[in-house]
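Remember, it's a predicted structure, so these values are computed and weren't measured experimentally. Lettering of chains follows the sequences in order, A, B, ..., and the numbering in each one begins at 1.
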Protein chains: 2
Amino acid sequence: MTDGNRPQATGLRALLNIDESPFPGMSVTFRVMRLGAVWRTRLERELKPTGMTVAGFRPMVYLMMMQEGTSQRELAAALDTDTSALVRVLDLLEAAGLVERRPDSVDRRANNLFITDAGRRKCRAFHEIGARVEAELTEGLSAGEIVELVARLEHVLANAARPPAADMPAGGEAA
Amino acid sequence: MTDGNRPQATGLRALLNIDESPFPGMSVTFRVMRLGAVWRTRLERELKPTGMTVAGFRPMVYLMMMQEGTSQRELAAALDTDTSALVRVLDLLEAAGLVERRPDSVDRRANNLFITDAGRRKCRAFHEIGARVEAELTEGLSAGEIVELVARLEHVLANAARPPAADMPAGGEAA
DNA sequence: TACAATTAATGGGCATGGCAATTATTTTGA
DNA sequence: TCAAAATAATTGCCATGCCCATTAATTGTA
């Protein structure tokens, strides 16, 4: 189906061997960023016919895994995302009748989040699609290799969670 | 420095073991997408003091690795991105005097792209920062593990480049 | 109790990137 | 040779997500 104005990457990408380029030490960087975007777009397209988006899908999945009545702040923390971004997604999910916000009886600032039955049903359908996409994209990797890959990604994610070294040298040697 | 409205992921992420959740087969999906965003944001923050953005950095690097006088279409293909997205980035880079568009003498629709000397100089500075970020994020992984990681990512990227199976069942079994 | 600091949720502004459509040019083919 | 199809670059529009500021409520403290 549609592929926008994206020209075929006819071997051009393969031609460029970043590792032996004048830019060593960035081989992971470009691939991680590109893969993040590519994977997302792919999933987005597959979800489209169901009316769901990736942005809405992730919170739903996490919600289903968390305790009922979680606060928005907690969900945002789990998603490692911004609370303000979450607000807008929840607006959509709530309007679609998939999620419910109920005021917290103790803390009147907070909301308790619940997935509706319709939400649970939809979520299972989305999950099938998501799992199929992952299977397609990881095709050719053995189960062991996938486990290993996940471990590496987790490692890097953990590194990223640490504070950035010491971001002091504002005008460092890099002009 | 700033971290917006993002609440601390106080072990919540770790608590959620996606692999043993009711959503098997999505362990790579969430990590890849999240890591893409996290890595990008991290690099974005480090580049900020230099006035460069990730969006502009990537095309510059690729341009330096490609033949002089590449067309925008070719660059977009190499970046695996949309030509329309590239147009706007090039506008900025050209305004900053880092890149130059010259009309193709043969095909009057096309432009030939060139990096200016200033562009090359800047690019080297950006590269130092990018390499440092990658070093920080991959800390704790051995050289061999990084090579392996790159190979896995490359494998998945190749899978993603293939057409999506057969996207026929529009209204499939997934309600 | 009053008052400052913190916190949950929200809204505004902005950059990025994807898709659709438009324009100008080139290529194809009847 | 002329019209139709394809193509390079561009613009418009929109979703996503980050950062900053605001509001309402809570907590801590003098």
Side-chain angles (χ1 to χ4, degrees), chain A residues 1-8 10 33-34 36-45 47-48 51-59 69-77 79-94 101-113, chain B residues 1-8 10 33-34 36-45 47-48 51-59 69-77 79-94 101-113:
Chain A
M1 203 176 293
T2 90
D3 223 347
N5 291 347
R6 183 178 312 251
Q8 279 283 83
T10 41
M33 295 201 313
R34 192 59 215 149
V38 164
W39 198 304
R40 188 201 183 84
T41 304
R42 171 70 156 266
L43 188 51
E44 203 79 66
R45 284 182 196 159
L47 285 178
K48 187 162 220 171
M52 175 52 55
T53 67
V54 174
F57 180 54
R58 232 167 63 91
T70 326
S71 73
Q72 298 183 201
R73 182 187 183 280
E74 286 166 334
L75 178 56
L79 290 166
D80 190 19
T81 189
D82 199 282
T83 55
S84 64
L86 185 57
V87 165
R88 293 174 255 247
V89 174
L90 287 177
D91 287 345
L92 295 176
L93 293 176
E94 201 172 22
R101 273 189 268 221
R102 298 185 207 155
D104 187 299
S105 53
V106 178
D107 187 338
R108 283 189 304 178
R109 293 168 304 179
N111 290 327
N112 296 332
L113 300 176
Chain B
M1 203 176 291
T2 91
D3 225 344
N5 290 347
R6 185 178 309 252
Q8 278 285 82
T10 44
M33 295 201 312
R34 192 61 214 146
V38 164
W39 197 304
R40 185 202 185 86
T41 304
R42 171 68 156 269
L43 187 50
E44 203 79 67
R45 284 182 194 161
L47 285 178
K48 187 160 218 172
M52 176 51 55
T53 67
V54 174
F57 180 54
R58 234 168 61 91
T70 328
S71 74
Q72 297 183 200
R73 184 188 182 281
E74 286 166 334
L75 179 56
L79 290 165
D80 188 20
T81 190
D82 198 282
T83 55
S84 65
L86 186 58
V87 165
R88 292 174 258 248
V89 174
L90 287 177
D91 287 345
L92 295 176
L93 293 177
E94 201 173 22
R101 272 189 268 221
R102 298 186 207 155
D104 186 299
S105 53
V106 178
D107 188 338
R108 282 189 306 177
R109 292 168 302 178
N111 290 327
N112 296 332
L113 299 176

Distance (rounded to the nearest 0.5 Å) between A/Thr41 OG1 and A/Arg6 CZ
6.0 Å
Using atom CG of B/Asp104 as one end and atom P of D/dT7 as the other, report the distance to the nearest whole Å.
17 Å
Take the protein atom CD of A/Glu74 and the nucleotide atom P of C/dT7, then report the distance between them rounded to whole Å.
14 Å
Does the distance from a Lys or Arg side-chain N to an Asp or Glu carboxylate O, for B/Arg101 and B/Asp91, drop under 4.0 Å?
yes
Can you tell me how far apart CG (A/Leu79) and CZ (B/Arg34) are? Round to the nearest 0.5 Å.
8.0 Å
On a heavy-atom basis, which atom in B/Ala77 and which in A/Pro7 lie closest, and how many Å separate them?
N-CG, 3.7 Å
Could you give the CE-to-C1' distance, from A/Met33 to D/dG17, as a whole number of Å?
16 Å
For DNA chain C, what string of dots and brackets results from 5' to 3' when Watson-Crick and G-U pairs need both distances under 3.5 Å, crossing pairs get [ ], and pairs with another strand get |?
||||||||||||||||||||||||||||||
Could you give the distance from CG (B/Leu86) to CD (B/Glu74), rounded to the nearest 0.5 Å?
11.5 Å
Spacing between A/Gln72 atom CD and C/dA8 atom P, to the nearest angstrom
11 Å
Please tell me if B/Arg101 has a side-chain N or O lying less than 4.0 Å from either OP1 or OP2 of D/dA8.
no
A/Met52 side chain reached by A/Leu93 side chain, heavy atoms, under 4.5 Å:
yes
What is the distance, to the nearest angstrom, from the CZ atom on B/Arg109 to the P atom on C/dT25?
10 Å
Rounded off to whole Å, could you give me the CG-to-P distance for the B/Asn112 and D/dA8 pair?
13 Å
Where along nucleotides 11-18 of chain C does protein come under 4.0 Å, by heavy atom, of base (B) or sugar-phosphate alone (S), with - for untouched nucleotides?
BBB--SSB
B/Leu90 CG to B/Leu113 CG distance, which is reported to the nearest 0.5 Å
5.5 Å
For the pair made of CG in B/Asn111 and P in C/dT25, what is the distance, rounded to whole Å?
12 Å
Of A/Ser71 and A/Lys48, whose closest DNA chain C nucleotide lies nearer the 5' terminus?
A/Ser71
Indicate whether OP1 or OP2 belonging to D/dT26 is found under 4.0 Å from a side-chain N or O atom of A/Arg108.
yes
Using a 4.5 Å cut-off on heavy atoms from C-beta on, say whether the side chain of A/Gln72 contacts that of A/Thr83.
no
Give, for atom CZ of B/Arg40 and atom OG1 of B/Thr53, the distance between the pair rounded to the nearest 0.5 Å.
7.5 Å
Rounding to a whole Å, what distance do you find between A/Arg73:CZ and D/dA25:C1'?
15 Å
